[in-house]
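Down below is the structure, laid out as structure tokens.
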Amino acid sequence: MKCFVWSPFLYASETWTLNRNTEKRIEATEMWIYRRMQRISWNEKGTNKKVLESVELQRPELLLTIQRRKIKYYGHLRRHDSIQKRILEGKIDGRRGRGRRRQTWLGNIQETS
């Protein structure tokens, strides 16, 4: 599973801005994969705890892996002088648009750590 599913799924996951809905969908996808691996039908109504016990895990790993990779990438950006660092630290002149501010990648990193 880690070879054929996680590798393409985690491609460029360091750059994602995660919100609550996306996190729920990632965990649901991971649980769906575990259920398919164990051949547990959705009709059997097995709990997520039982599914995780059957694959010998304590909690879903995919979201934690994404968060670890994001923090590592942030550390990489902070250490090296590159265009990504300038973009990350830069400010845009002008007025702010109407409505709620969009969730930013940097704000997402601060929430995680």
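The structure presented is a predicted model; accordingly, all values stated were derived computationally and were not measured. Positions are given from 1, in the same order as the sequence printed here.
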Would you name the heavy atoms of P8 and C3 that are closest together and state the gap between them?
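It is CD-O, 4.3 Å.
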Using the rule that Ile, Leu, Val, Met, Phe, Trp and Tyr join whenever any side-chain heavy atoms are under 4.5 Å apart, tell me whether I71 and W105 fall into a single cluster.
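No.
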Checking side chain to side chain donor-acceptor pair (under 3.5 Å) against K70, which of N108, T15, T17 comes through?
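So, applying the side chain to side chain donor-acceptor pair (under 3.5 Å) to K70 and each of N108, T15, T17, only N108 qualifies.
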Partner of E23 under side chain to side chain contact (heavy atoms under 4.5 Å, CB included), chosen from I66, L62, L18:
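The residue from I66, L62, L18 that satisfies side chain to side chain contact (heavy atoms under 4.5 Å, CB included) with E23 turns out to be L18.
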Can you tell me how far the [atom1] atom of [X] sits from the [atom2] atom of [Y], to the nearest 0.5 Å?
| X | Y | atom1 | atom2 | value |
| --- | --- | --- | --- | --- |
| F9 | I33 | CZ | CD1 | 7.0 Å |
| S54 | K49 | OG | NZ | 14.0 Å |
| Q103 | R20 | CD | CZ | 8.0 Å |
| M31 | T29 | CE | OG1 | 11.5 Å |
| Q67 | I26 | CD | CD1 | 9.0 Å |

By salt bridge (charged side-chain N to carboxylate O under 4.0 Å, His left out) - contacts of E27 (at least two apart):
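In terms of salt bridge (charged side-chain N to carboxylate O under 4.0 Å, His left out), with neighbours along the sequence ignored, E27 is linked to no residue.
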Suppose we screen for ring-ring contact (aromatic ring centres under 6.0 Å, His included). Which residues come up paired with W32, at least two apart in sequence or across chains?
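Partners of W32 by the ring-ring contact (aromatic ring centres under 6.0 Å, His included) criterion come out as none, since no residue qualifies.
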Less than 4.5 Å apart, any side-chain heavy atom of [X] and any of [Y]?
| X | Y | answer |
| --- | --- | --- |
| I40 | Y34 | no |
| I109 | Y73 | no |
| L64 | E61 | no |
| E30 | W6 | yes |

Between R35 and N48, is a side-chain hydrogen bond (donor to acceptor under 3.5 Å, both in side chains) present by the stated rule, with each step listed?
CA-CA 9 Å; R35 287 176 196 275; N48 287 345; 2.5 Å; yes
Counting only heavy atoms not in E111, do more than 12 sit closer than 6.0 Å to its CD atom?
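It does: E111 CD has more than 12 such atoms within range.
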